[in-house]
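To start, the structure under review is shown below, and the notes come after it.
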Amino acid sequence: MIRYILRRLVISLPILFGITIITFGVIHLTPGGFTSVHMDMNPNVSPDSIAKLQELYGLDQPLPVQYVKWVSRLIRLDFGRSFLDQSPVIHKIGQRLPATLLLSGLSMLFIFMLAIPVGVYSAMHHNSRQDRVITVLTFVGYSVPTFWLALLCMLLFGVVLGWLPISGIRSVNHDFLGPMGQFWDYVSHLILPVFISAFGGLASISRYTRSNMLEVVRQDYIRTARAKGLPRSRVYYVHALKNALLPIITIIGLALPGLIGGSFIFETIFSWPGMGRLAYESALSFDYPTIMGIAVIGAVLVLLGNILADVLYASVDPRIRL
Amino acid sequence: MNISFWHKFKRKRLAVIGATVVLSLILLSLAAPLIAPCDPQAQNLELRIKPPSWAHPLGTDEYGRDVLSRMLYGGRISLSVGFVAVGISLSIGLFLGALAGYFGGWVDQVIMRTVDVVLCIPTLFLILMLIVFLGPNLLNIMVIIGLTSWTELSRLVRAEFLTLKQRDYVSAARASGARDRKIIFRHILPNALAPVFVSATFGIAGAILIESGLSFLGLGVQPPVPSWGNILTSGKDYITQAWWMTLSPGIAIFLTVLGYNLLGDSLRDILDPRLTVGDEHA
Amino acid sequence: MPEILSLRQLRVAFPRAEGAAVNVVRGADLETNPGQTLGLVGESGSGKSMTALAIMGLTPFSAQVSGSARYHGRELVGLREPEYEKIRGAGISIVFQDPSTSLNPVLTIEQQLLETIQTHREISQKDARNLAIESLRSMDIPSPEKRINDYAHQLSGGMKQRILISMALACEPDCLILDEPTTALDVTVQAQILDLVERIQSFNQVSVILISHDLGIVSEISDKVAVMYAGRIVEQGPTADILNVSRHPYTRGLLSSIPELGAPKKTLATIPGFPLNPAELPSGCPFHPRCSRVQAICRQQDPDIRHEQDQAFACWNPEPQHG
């Protein structure tokens with residue numbers, strides 16, 4: 001197992017290399033060089049920070065040299081300093097990462113706890129009225145622009161009904177609440193963001209579970225299980241579900257880029273103090289070092305997520321030995 | 001597209017609904033200059049934030065512009081973002097996928113490892129970065145969405161090519177001395193198009209969603225040019241007093257995306273007989 | 001002797017959205033007796049597997065089963081699912097063609113054996129396990145207490161088929177259906193499995209239905225043989241009679257296409273034409289387009305079953321009894 005993980009990490013190195021090349025390429029795409037454009041419009045940029053940026057990338061030097069210098073700093077987790085407040089980018093990201101992980105983790109949990117039972121139910125009642133209703137709902141789920149839904153939910157639950165807070169991770173009076181009050185304060189701030197960021201995933205994972213179940217149910221071993229006289233519930237929930245769930249583990253890995261990438265929309269809407277909102281803020285203020293840092297860190301997270309999903313898959317599927 | 005295709009298509013209610021929605025939205029956008037009651041950019045400060053009326057069926061916005069006219073013209077922008085972006089990702093995905101699947105070997109390795117790398121970078125982050133660096137205008141947005149969404153498609157095309165190139169008729173063509181280019185374009189590509197077509201349909205829905213999301217964050221098509229995303233965005237500040245400003249673009253985006261998704265899903269069912277369920281054991 | 005299973009005019013049809021329903025089994029009559037093996041022979045698409053599925057109540061969702069199938073006198077057609085579950089695995093068991101896909105890949109052999117035993121019997125985990133190991137041992141599986149922890153992918157095809165047979169027999173049913181049990185296996189393994197089947201039938205007084213496309217295999221271990229063509233049983237009788245004095249031209253055709261060991265080399269006879277598509281049956285006797293003894297009436301009317309001595313056959317112009 002450990003050997004497998006190590007091997008995967010080693011295999012990931014070229015991918016990581018590719019990621020740095022793409023990000024490096026993206027910076028140099030900027031017409032006229034990225035220190036020139038936008039800089040004049042950006043009040044946060046002092047001549048001093050331009051000089052720092054030029055030092056970070058060694059802009060006077062040939063491209064390969066610039067790249068090597070940049071990567072050698074990346075390895076030491078030196079992403080440079082933010083234009084906004086001159087603090088190290090790595091600290092900024094470090095402060096924001098937990099909130100993003102909390103939000104994506106909880107939405108992921110929510111997605112799987114709701115979508116899998118719904119998908120199984122839908123498959124068990126294949127072509128019934130309930131199945132059709134669920135199918136229509138999943139299409140609605142795919143197609144609703146989530147930011148719009150977020151807006152409507154904020155209006156309904158936050159403004160009209162006043163049940164839930166609509167922004168931030170805790171209330172202004174958080175520090176004055178008791179332990180239960182503080183806990184509820186966090187929970188109530190989480191409900192809308194988790195629900196909204198899970199929304200699209202709910203639809204696709206339940207649809208995926210459904211089609212997987214329908215596929216598995218056609219297999220010979222399901223017929224064997226029924227021929228042995230097992231009750232229908234056992235045939236479905238043990239024999240079929242266990243096989244249908246395996247590929248869904250891989251989906252966790254694949255869903256990660258979407259969740260992390262989507263986080264900047266949800267976090268912005270809900271003023272959630274996470275990495276996504278940081279990316280958005282940095283984008284608006286042309287804070288290049290921070291954006292680049294987030295892109296690299298985000299990609300690394302995705303890479304690790306994929307490895308995690310594969311390890312998980314291998315440990316659940318008896319046919320794969322690590 | 002043969003008779004049996006249309007026959008199956010017509011029997012699928014969701015397919016017909018999807019196609020109707022998609023077609024009518026395309027027609028409405030095309031006809032925008034003919035049917036729009038007002039100039040979408042004409043301001044009238046006396047008519048600021050007015051609810052729907054006979055003169056302005058979808059109300060007016062904060063500059064007194066007619067929301068219906070802006071919606072019709074915005075549809076042109078949103079739909080063209082969808083089509084152009086998918087056109088770009090389709091060309092890249094088809095080209096690279098075909099190369100990788102047909103030639104295999106190191107070509108395949110290089111292309112597919114590149115795909116792995118691009119897939120690791122969260123697409124929306126990549127788009128965000130590129131838009132910040134290159135500037136948010138219509139052309140950039142279309143190109144950037146296109147440039148960042150070809151990876152899945154190239155995997156799909158590669159897989160199709162891998163299976164199709166083993167077919168007897170391809171071997172026969174090769175044995176009779178056909179050149180690679182002819183084999184690819186005449187013998188393999190036409191047969192690989194069905195899943196590509198399905199994926200492209202979903203892709204249009206995705207691109208429209210991405211553009212509206214970007215607009216929502218102020219990084220999409222820039223005002224005063226109307227797009228559904230930025231109509232929605234400008235409406236969100238007035239959401240408590242002027243619901244019509246967010247409702248119509250929200251519903252338009254939803255319907256369009258729903259239409260393409262329904263269409264894509266039905267096409268997949270029709271074109272991929274393997275997925276036709278009916279002989280399950282349980 | 002009371003029969004264990006008796007089929008009367010059993011039919012399986014698949015309705016179509018357009019056009020008439022496809023009749024896959026068109027009125028099958030069969031009986032099985034304790035300790036006897038019945039061989040059910042036919043080409044692919046002849047309806048023999050669908051007959052087995054209809055007995056088990058495992059026909060696909062869209063199939064319509066009619067007629068009668070009685071197990072110890074109890075009607076199975078239309079039986080409610082919970083009642084059927086009590087009979088499956090405990091009264092009638094079935095082993096399917098392909099052992100490589102018939103075991104659940106993510107459950108251990110132990111889990112799959114024990115769930116079968118514990119579904120049908122009130123028995124402790126420990127006793128069930130011992131029973132499972134014993135039943136594996138009786139199928140000649142070496143070191144069963146180790147194999148029982150394996151997953152399907154760790155076992156060979158022959159081993160999997162033994163496990164599936166022991167799983168089918170674990171709750172001591174008195175009727176065992178084997179649907180092409182050796183088709184997917186190597187020739188040497190085939191022989192071992194057939195030996196096993198013979199032993200099961202003689203020791204346990206189980207009535208076995210052996211389904212195969214290979215009349216050679218069937219005739220080796222069957223007491224009775226039934227030949228199926230286009231959803232009908234066109235001929236049945238004691239194995240010796242079927243081998244020596246078969247009356248239906250189709251049975252004759254099958255017999256002459258069995259290679260004889262040690263016989264002088266000659267070209268094997270084949271039956272001209274192709275196996276039928278049940279959706280497009282010809283008029284009259286469905287075998288007439290391929291039949292060498294075809295007459296005018298064969299093209300117009302499907303013959304009824306005729307009984308002569310121990311044999312039953314459906315043919316307008318049967319082969320002579322001594323020929």
Side-chain angles (χ1 to χ4, degrees), chain A residues 14-15 18-19 21-23 26-27 29-31 34 37-38 126 139-140 142-149 151-152 155 159 211 214-215 217-220 222-223 225-226 232 235-236 240 256-258 260-262 264-265 268-269 279-280 283-284 286 288 291-292 294-295 298-299 302-303 306, chain B residues 14 18 113-114 116-135 202 205-206 208-209 212-219 228-229 232-233 235-236 239-240 243 246-247 249-251 253-262 265 274-275 277-282:
Chain A
I15 298 185
I19 291 169
I21 293 216
I22 290 184
T23 357
V26 166
I27 325 172
L29 269 181
T30 319
F34 67 99
V37 193
H38 306 314
H126 179 228
F139 274 110
V140 171
Y142 282 140
S143 312
V144 168
T146 28
F147 48 89
W148 183 57
L149 187 72
L151 217 56
L152 297 180
L155 187 65
V159 181
S211 61
L214 289 178
E215 180 75 35
V217 148
R218 286 192 267 175
Q219 302 299 313
D220 285 352
I222 295 300
R223 194 174 56 182
R226 290 196 67 205
R232 202 172 160 79
V235 174
Y236 267 102
L256 212 61
I260 291 187
F264 82 87
I265 294 186
T268 307
I269 298 174
Y280 175 65
L284 287 193
F286 305 110
Y288 290 77
I291 305 174
M292 300 300 302
I294 291 171
V302 170
L303 209 55
N306 281 335
Chain B
L14 290 181
R113 294 299 79 78
T114 311
D116 289 344
V117 171
V118 178
L119 274 176
C120 266
I121 306 178
T123 315
L124 280 172
F125 266 173
L126 195 58
I127 293 174
L128 180 76
M129 280 200 310
L130 286 167
I131 284 180
V132 169
F133 293 167
L134 297 175
F202 288 123
I208 292 175
L209 268 183
S212 59
L214 288 172
S215 287
F216 189 76
L217 297 174
L219 295 168
W228 289 340
L232 182 54
T233 314
K236 82 174 180 222
I239 189 164
T240 47
W243 51 267
T246 42
L247 198 66
I251 288 177
I253 298 169
F254 168 63
L255 280 182
T256 313
V257 175
L258 183 68
Y260 281 104
N261 279 338
L262 287 177
D265 198 69
R274 199 182 61 86
L275 290 172
V277 186
D279 58 343
E280 69 269 28
H281 296 312

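Residue numbers begin at 1 in each chain, while the letters A, B, ... track the order of the sequences.
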Atom CD1 of A:Ile291 and atom OH of A:Tyr280: how far apart are they, to the nearest 0.5 Å?
12.0 Å
Identify which part of A:Leu155 has an atom lying under 4.5 Å from any heavy atom of chain B, answering side chain, backbone, both or neither.
side chain
Is B:Phe125 close to chain A through its backbone or its side chain, or both, or neither, when contacts mean heavy atoms under 4.5 Å?
both
On a heavy-atom basis, the closest approach of B:Cys120 and A:Ile19 is CB-CD1, 3.9 Å
If we define contacts as heavy-atom pairs under 4.5 Å, which of A:Ile265, A:Leu151, A:Leu303 has the most with chain B?
A:Leu151
Test item: B:Thr233 and A:Phe147 side chains (from C-beta on) under 4.5 Å apart, heavy atoms
no
For B:Ile251, is it the side chain, the backbone, both, or neither that has a heavy atom closer than 4.5 Å to a heavy atom of chain A?
both
Top residue by heavy-atom pair count (under 4.5 Å) with chain B, among A:Ser211, A:Ala295, A:Ala299?
A:Ala299
Counting only heavy atoms closer than 4.5 Å, note whether A:Ile22 contacts chain B via side chain, backbone, both or neither.
side chain
Tell me which of these, B:Ile208, B:Thr123, B:Ile121, has more heavy-atom pairs under 4.5 Å with chain A than the rest.
B:Ile121
Measuring from A:Tyr142:OH to B:Asp265:CG, what's the distance to the nearest 0.5 Å?
7.0 Å
With chain A, which of B:Leu247, B:Leu128, B:Leu214 has the greatest number of heavy-atom pairs at distances under 4.5 Å?
B:Leu128
Residue among B:Val257, B:Leu232, B:Leu217, B:Ile253 with most heavy-atom pairs under 4.5 Å to chain A
B:Leu217
Identify the heavy atoms of B:Leu262 and B:Gly18 that sit nearest to each other, and give their distance.
CB-CA, 4.0 Å
Starting at CD1 of A:Ile222, measure out to CZ of A:Arg226 and round the result to the nearest 0.5 Å.
10.0 Å
If one checks every heavy atom of A:Ile269 against chain B at 4.5 Å, the contacting part turns out to be side chain
Per-residue contact mode, A:Val144 against chain B (heavy atom under 4.5 angstrom)
both
Please give me the minimum heavy-atom distance between B:Gly235 and B:Thr246, naming the atom from each residue.
C-CG2, 3.5 Å
Using every non-hydrogen atom in the two residues, find where B:Asp116 and A:Ile15 come nearest and quote the distance to one decimal.
CB-CD1, 4.3 Å
Heavy-atom contact with chain A under 4.5 Å, split by part of B:Leu119
backbone
